[in-house]
Amino acid sequence: MDSTRLVVVSNRLPAALRKNENGDWKVVPGAGGLVTAMAPVLRDRGGTWIGWSGTAGGAEVMDLLASFSKEAGYELKPVGLTAEEVNDFYFGFANEVVWPLFHDFQSRCNFNPRYYHRYMDVNRKFAETVGQWSAEGDFVWVHDYHLMHVGWWLKELGINRRTGFYLHIPFPPVDIFLKMPWRTKVLKALMEYDLVGFQTYRDRRNFIQCLKLFYSDVKAKGRGPVVRISNDERTFNAGYFSIGIDYRQFNETARRPSVKKRAQAIKEADENRTIILGVDRLDYTKGVPQRLEAMRTLFENYPELHGKITFTQVLVPSREQVPEYMALKEEIERLVGEINGQFSQPGYTPVQYMYRSLPREELVAYYRAADMALVTPLRDGMNLVAKEYCACNVSKKGVLFLSEFAGAATQLQNGALLVNPYDVEGVAKAIHQAYHMDDKEKRQRMRKMQEIIRKYDIFWWVDSFLQAGVSRGLGDFPPQESVDYAFFEMGEDYIDDSLSSGT
Ligand code: GDG
């Protein structure tokens with residue numbers, strides 16, 4: 001690969017600015033998968049990360065980030081946002097329009113025109129910052145639904161850069177996307193990137209179908225993970241690159257003696273019962289109430305499992321300022337209370353619930369201790385928790401229940417037990433079956449998943465996107481046959497024929 005300089009653009013910087021007890025700002029580095037994967041690439045190639053600092057900006061913030069940049073080995077450049085901008089762009093357009101619509105929750109959308117106008121203004125601000133801190137020849141990699149118009153703005157402002165965009169959340173089917181009042185503007189904006197990346201084949205297909213509906217002259221050429229799309233005005237690439245995790249790091253952490261000890265303590269505290277684990281951000285897309293209903297159904301339909309299984313739900317606080325999220329939290333807590341009220345016995349609490357973020361090692365200890373993981377989002381771009389659980393399953397006897405509607409299902413369908421999260425009886429039945437599954441089958445399934453997750457990890461994801469975007473080449477993609485879409489797709493042939501119709 002060449003050594004093109006890289007500029008990463010995301011809503012938040014990979015380090016947060018927080019005030020300490022004395023009221024002074026301090027920089028707290030981020031530790032997520034994206035930062036882990038991007039940091040070495042940015043250091044090697046030289047690069048810059050642009051994002052909102054969590055503040056309105058100012059000289060003090062610039063100074064703090066400059067000293068942090070020195071340590072990190074790449075530049076961090078902030079975009080300052082006012083409280084109004086955060087409200088209308090972030091809480092408004094990003095999280096009351098795009099987030100619900102793209103996750104198929106159209107009835108939760110608030111299509112307030114003010115939100116869209118502010119979204120455009122803020123995307124312009126981001127593009128101006130990109131112009132300020134990058135040079136022609138750099139590759140600008142824009143992340144996620146907050147920033148779909150940055151590429152378009154770069155062109156409007158006459159800032160000539162090679163650009164790529166990656167959507168971490170799903171791209172909705174045509175019928176749902178049509179509801180968006182600014183639908184053609186969004187499509188046009190996405191077409192301005194040189195490469196548009198999605199999580200799965202299905203997302204890319206939905207995107208192309210939307211393009212074809214609005215632009216009758218759009219042609220999609222090619223059969224692989226990356227296809228070339230063109231019409232009279234534009235030619236660009238669209239591909240699917242399923243995001244992975246830092247498998248090795250999760251696996252090594254899970255094997256640490258301190259984590260092993262902690263996992264044993266978690267098991268013993270639960271009197272060695274079968275532990276089923278759920279880990280999610282507080283969000284209506286994650287299907288937590290439905291999951292709790294499935295647990296209630298399990299205890300109702302299979303009384304022999306009383307006292308033998310416990311369900312532990314870790315719920316990480318998120319978007320707490322939004323009333324809907326607080327209502328969801330209350331609903332979840334009501335359900336936890338009801339189920340425990342119904343099935344608790346002396347020394348046995350069937351549902352254990354934590355509303356907080358766990359330190360990374362503690363989370364890994366829970367992953368290791370859990371006999372089963374219930375990952376049942378109603379819709380999810382990928383879902384990293386599913387992959388992290390498998391990476392930490394040292395015994396290889398863990399069972400993953402995975403929603404058909406998580407992007408991860410396309411990769412893990414041969415090892416996971418796929419479930420429809422709305423079908424609470426079906427989920428309960430799957431858990432009952434897994435409880436009686438023999439260890440040999442469990443190990444076979446877990447091995448298959450671990451192999452895929454280890455091979456197509458976060459570093460593969462960065463490389464494959466950059467190969468397609470910067471070098472215009474293709475790396476080692478999962479072979480087509482390892483991703484069998486027949487489960488909920490119309491079939492690969494049908495789709496590829498429609499894509500290559502204009503060749
Ligand atoms: C978006 C898309 C896509 C969770 N609890 C704790 C904790 N976590 C970490 C997990 C995991 C991350 O949060 C959650 O990632 P997900 O992928 O499950 O979900 P989103 O936040 O919705 O992410 C999603 C992803 O982007 C990447 O493209 O997969 O579909 O919605 O990494 O480990 N971390 C710690 N304590 C916790 O209690 N330390």
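Counting starts at 1 for both ligands and their atoms, in listed order. Values below: every heavy atom of this structure, side chains too, minus hydrogens, waters and symmetry copies.
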Next item on the list: Enumerate the atoms of ligand 1 whose separation from the nearest heavy atom of Arg281 is less than 4.0 angstrom.
Entry: 20 (P), 21 (O), 22 (O)
Next item on the list: Would you check whether Trp99 reaches within less than 4.0 Å of ligand 1, judged by its heavy atoms?
Entry: yes
Checklist line | Val385: numbered ligand 1 atoms lying under 4.0 Å from its heavy atoms | finding: 18 (O)
Item checked: Heavy-atom nearest option to atom 20 (P) of ligand 1, drawn from His168, Lys286, Lys387, His143 -> Lys286
Note to self: Which option wins on minimum heavy-atom distance to atom 11 (C) of ligand 1: Glu388, His103, Met354?
What the structure shows: Glu388
Notebook entry, point to check: Judging by distance only, is a nitrogen or oxygen of Leu363 under 3.5 angstrom from one on ligand 1?
Noted result: no
Margin query: For ligand 1 and Met382, I'd like to know whether there is a polar contact (N/O to N/O, distance under 3.5 Å).
Written below: yes
Item checked: From the candidates Val316, Leu384, Asp380, the one that places a heavy atom nearest atom 18 (O) of ligand 1 -> Leu384
Note to self: If you measure every N or O of Val279 against every N or O of ligand 1, does any of those distances drop under 3.5 Å?
What the structure shows: no
Check: Any idea how Trp99 and His103 line up, ring-wise: parallel (<30°), tilted (30 to 60°), or perpendicular (>60°)?
Finding: tilted
Next item on the list: Measure the acute angle between the ring planes of Trp52 and Tyr90, then classify it against the limits of 30° and 60° as parallel, tilted or perpendicular.
Entry: tilted
Checklist line | Within 45° cone of Tyr247 ring axis and under 6.0 Å: Arg454 NZ or CZ | finding: yes
Note to self: Can you tell me how the ring of Trp182 sits relative to the ring of Tyr116, calling it parallel under 30°, perpendicular over 60° and tilted otherwise?
What the structure shows: parallel
Check: Is the number of heavy atoms from other residues, nucleotides or ligands within 6.0 Å of NZ (Lys260) greater than 12?
Finding: no
Check: How does Leu358 reach ligand 1, if at all, at less than 4.0 Å between non-hydrogen atoms: by side chain, backbone, both, or neither?
Finding: both
Check: For ligand 1, which atoms have a heavy atom of Gly381 less than 4.0 angstrom away?
Finding: 30 (O)
Item checked: Rounded distance [0.5 Å steps], CD1 in Ile245 versus CG in Asp457 -> 8.5 Å
Item checked: Where ligand 1 meets Gln199 - atom numbers and elements under 4.0 angstrom, heavy-atom basis -> 3 (C), 28 (O)
Check: What is the distance from atom CE of Met38 to atom CD1 of Ile458, rounded to the nearest 0.5 Å?
Finding: 8.5 Å
Margin query: For Thr310 and Arg273, which I'm curious about, is there any donor-acceptor pair between the side chains at under 3.5 Å?
Written below: no
